[in-house]
Amino acid sequence: MADSEEEENTLTMTLNNEDHTLGAVIVDVLNKSPSVLFAGYTIPHPSERQVKLCVQTDGKITPKQALVKASEQLSNMCSSTDKLFRSKVEE
């Protein structure tokens, strides 16, 4: 993470060495949370591996808490997918 700004219920941060692969999926998971009012990202320039992420919550949880929760959910989804894949390969 390069930099971040937080105001009340809004967090804007830059993730270095990332691209649409992480940006799209983390925003999708964030937007499924009832406490998240807005989650979005931009890629400032196509030749730079950098994601600018913005999260706004309703105040019941902080944007950082929402991001941690979404990251944990994404990790669990990846673990489940890995287990399913491995079980099917072993059949």
Side chains of [X] and [Y]: does their closest heavy-atom pair fall under 4.5 Å?
X: Leu30; Y: Val55; answer: yes
X: Leu11; Y: Thr62; answer: no
X: Ser87; Y: Leu84; answer: yes

Query - Hydrophobic cluster membership, Val68 vs Ile61, 4.5 Å side-chain cutoff - result: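 Val68 and Ile61: separate clusters.
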Query - Smallest separation among heavy atoms of Ile26 and Leu53, with atom names - result: CG2-CD1, 4.3 Å
Query raised in the report: So, for Thr10 and Pro63, which heavy atoms are closest and what is the spacing to 0.1 Å?
Result: N-CG, 3.7 Å
**Report entry** Pairs meeting criterion ring-ring contact (aromatic ring centres under 6.0 Å, His included) with involvement of residues 55-79, two or more places apart
**Finding:**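 Qualifying pairs: none.
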Query raised in the report: Taking only residues at least two apart or on different chains, which pairs with a member in residues 48-91 satisfy ring-ring contact (aromatic ring centres under 6.0 Å, His included)?
Result: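 Qualifying pairs: none.
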Mind checking salt bridge (charged side-chain N to carboxylate O under 4.0 Å, His left out) for [X] and listing every partner two or more places apart, or none if nothing turns up?
X: Lys88; value: Glu91
X: Lys69; value: none
X: Asp19; value: Arg49

Query raised in the report: Looking at Val29, Val27, Leu67, Asn31, which hits side-chain contact (heavy atoms from CB on, under 4.5 Å) with Val36?
Result: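 The residue from Val29, Val27, Leu67, Asn31 that satisfies side-chain contact (heavy atoms from CB on, under 4.5 Å) with Val36 turns out to be Asn31.
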Nearest 0.5 Å, what's the [atom1]-[atom2] distance between [X] and [Y]?
X: Gln73; Y: Ser33; atom1: CD; atom2: OG; result: 7.5 Å
X: Thr14; Y: Glu48; atom1: OG1; atom2: CD; result: 10.5 Å
X: Lys60; Y: Gln65; atom1: NZ; atom2: CD; result: 13.5 Å

Query raised in the report: For Ser71, does its backbone N or O pair with a side-chain atom of Ser75 as donor and acceptor, under 3.5 Å?
Result: no
Query - Donor-acceptor pair, side chain of Asp82 and main chain of Cys78, under 3.5 angstrom - result: no
Side-chain donor-acceptor pairs of residues 37-46 under 3.5 Å, sequence neighbours excluded:
unit_1	atom_1	unit_2	atom_2	d
Tyr41	OH	His20	ND1	2.7
His45	ND1	Ser47	N	3.1
His45	ND1	Ser47	OG	2.8

Query raised in the report: Would Leu15 and Leu22 satisfy side chain to side chain contact (heavy atoms under 4.5 Å, CB included), going step by step from the backbone distance to the final call?
Result: CA-CA 10 Å; Leu15 305 172; Leu22 180 63; 4.1 Å; yes
